Amino acid sequence: TNMVSSPVSITLNPANSSIKFSNFVKYRIDNLENRNYTIVTVKRNGTVGVDCDYTGRRGIQDAIDAITNASSDRQYIIRASGTFEATQTSHFDKNASGQLSFILLKPYVHLIGLNRDDCIITGKLPNNLGAGFAYSQYQTMRHDINHSRIENVSIVGENLRYPLHIDAGALGNKDFVQTIKNCRIW
């Protein structure tokens, strides 16, 4: 067991003064290599600057989007708790493949929930959007990148193509390092 603690001493977007980074984060992270990680805390119903760095329905994706400098030497852990739901088509963002994802991970950014009962990510579209609606273009989470971990998370998909889409297209995921541990996917 490694102890990872921070004050988080990064500025992801200095132009956005509403993003405040806390100096209170201390978590027990199991089975991670002994490295320095920057911890970013996301709570669905938290208070930014008090008990988390990001909050809200899009809190996880907002945290991922704000990370622009992740690398093998500068890895991030998104530590998430709460229930995050995409229930309308506008809640899904288009990714490079043209499909629509609620959560789109990045290399060297790891999503780790407190436990899979406390961190639930749901993509659920209504079943009445019409016969011509392209449900097959929607997914709760896309994990088609190298060097990324998902741990202690439940991922739910209803009336869409995948709860968790792992696919790098024609190039495949050969030699990718992708870890999915202690997750519930349905």
Side-chain angles (χ1 to χ4, degrees), residues 1-32 35-71 74-93 95 100-125 139-143 148-158 163-164 180-185:
T1 300
N2 297 318
M3 292 301 290
V4 178
S5 64
S6 122
V8 177
S9 59
I10 59 171
T11 302
L12 296 177
N13 186 354
N16 185 347
S17 60
S18 67
I19 298 175
K20 306 220 184 296
F21 291 96
S22 54
N23 61 1
F24 55 84
V25 182
K26 185 172 185 179
Y27 287 106
R28 193 174 131 184
I29 308 294
D30 293 327
N31 299 319
L32 290 175
R35 300 178 187 220
N36 289 322
Y37 291 87
T38 300
I39 308 293
V40 179
T41 306
V42 178
K43 289 189 173 183
R44 173 60 175 96
N45 295 311
T47 301
V48 173
V50 175
D51 61 354
C52 64
D53 302 308
Y54 292 85
T55 189
R57 181 190 57 74
R58 276 190 50 91
I60 294 172
Q61 191 61 51
D62 288 344
I64 292 168
D65 290 346
I67 297 169
T68 60
N69 60 350
S71 67
R74 184 179 286 136
Q75 298 192 35
Y76 290 81
I77 294 174
I78 306 274
R79 196 70 171 149
S81 64
T83 300
F84 303 86
E85 296 179 298
T87 57
Q88 301 172 21
T89 57
S90 62
H91 294 167
F92 295 80
D93 295 324
N95 58 46
L100 294 140
S101 304
F102 180 44
I103 304 293
L104 180 61
L105 294 170
K106 289 182 177 179
Y108 303 106
V109 177
H110 312 284
L111 175 59
I112 301 179
L114 296 175
N115 64 64
R116 64 187 189 184
D117 294 322
D118 183 61
C119 184
I120 302 168
I121 301 168
T122 301
K124 180 180 179 181
L125 291 175
Q139 56 220 347
T140 303
M141 184 181 300
R142 188 166 178 104
H143 185 245
S148 181
R149 167 182 288 247
I150 303 169
E151 188 172 329
N152 299 332
V153 174
S154 290
I155 305 166
V156 181
E158 186 175 329
L164 176 62
I180 300 169
K181 181 179 176 190
N182 194 34
C183 292
R184 197 178 295 134
I185 302 168

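Note that the structure is a prediction, hence the values are computed from the model and not measured.
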I need the full list of salt bridge (charged side-chain N to carboxylate O under 4.0 Å, His left out) pairs touching residues 61-70, with sequence neighbours left out, sorted by first then second residue. Arg58-Asp62, Arg58-Asp65
Any side-chain heavy-atom pair of Leu111 and His143 under 4.5 Å: no
Show the nearest heavy-atom pair for residues Ile112 and Arg149, with the distance to one decimal. CD1-CD, 4.2 Å
Sequence neighbours excluded, the answer for salt bridge (Lys or Arg N to Asp or Glu O under 4.0 Å) partners of Arg184 is Asp117
Quick check against the 3.5 Å criterion: does Lys106 have a side-chain atom that pairs as donor or acceptor with the backbone of Ile67? yes
Stepwise side-chain contact (heavy atoms from CB on, under 4.5 Å) test for Ile103 and Ile155: CA-CA 10 Å; Ile103 304 293; Ile155 305 166; over 6 Å; no
Is there a donor-acceptor pair under 3.5 Å between the side chain of Thr41 and the backbone N or O of Asp53? no
Return the minimal non-hydrogen interatomic distance between Pro107 and Ala70, and the atom names on each side. O-CB, 3.6 Å
Rounded to the nearest 0.5 Å, how far apart are CD1 of Ile60 and CD1 of Ile78? 8.0 Å
Quick check against the 3.5 Å criterion: does Asn115 have a side-chain atom that pairs as donor or acceptor with the backbone of Asn152? no
Restricting to non-hydrogen atoms, name the atom on Gly157 and the atom on Pro163 that form the minimum distance, rounded to 0.1 Å. N-CB, 3.7 Å
Is a side-chain donor or acceptor of Arg79 paired with a backbone partner of Gly113 at a separation under 3.5 angstrom? yes
Quick check for you: to the nearest 0.5 Å, what is the distance between Leu125 atom CG and Gln88 atom CD? 9.5 Å
Who are the side chain to side chain contact (heavy atoms under 4.5 Å, CB included) partners of Thr122, not counting sequence neighbours? Glu85, Ile120, Lys124, Val156
So how far is it from Ile77 CD1 to Glu151 CD, rounded to the nearest 0.5 Å? 9.0 Å
Regarding Tyr108 and Asn69, do their side chains bring together a donor and an acceptor under 3.5 Å, going by distance alone? no
To check you understand the geometry: which heavy-atom pair defines the closest contact between Tyr54 and Ala63, and what is its length? CD1-CB, 3.6 Å
What distance separates Ile121 CD1 from Leu164 CG, expressed to the nearest 0.5 Å? 9.5 Å
Using a distance-only test with no angle check, is there a side-chain donor-acceptor pair under 3.5 angstrom linking Gln75 and His110? yes
Hey, does the side chain of Thr55 reach the backbone of Lys43 with a donor-acceptor pair shorter than 3.5 angstrom? yes
With sequence neighbours excluded, tell me which residues meet side chain to side chain donor-acceptor pair (under 3.5 Å) with Thr140. none
Could I get the full list of side chain to side chain contact (heavy atoms under 4.5 Å, CB included) partners for Thr47, not counting sequence neighbours? Val50, Asp51
Results of side chain to side chain contact (heavy atoms under 4.5 Å, CB included) for Arg57 - residues two or more places apart only: Arg44, His91, Phe102
Rounded distance [0.5 Å steps], CG in Asn182 versus CZ in Arg116: 5.0 Å
When rounded to the nearest 0.5 angstrom, what distance separates CG in Leu105 from OG in Ser148? 4.5 Å
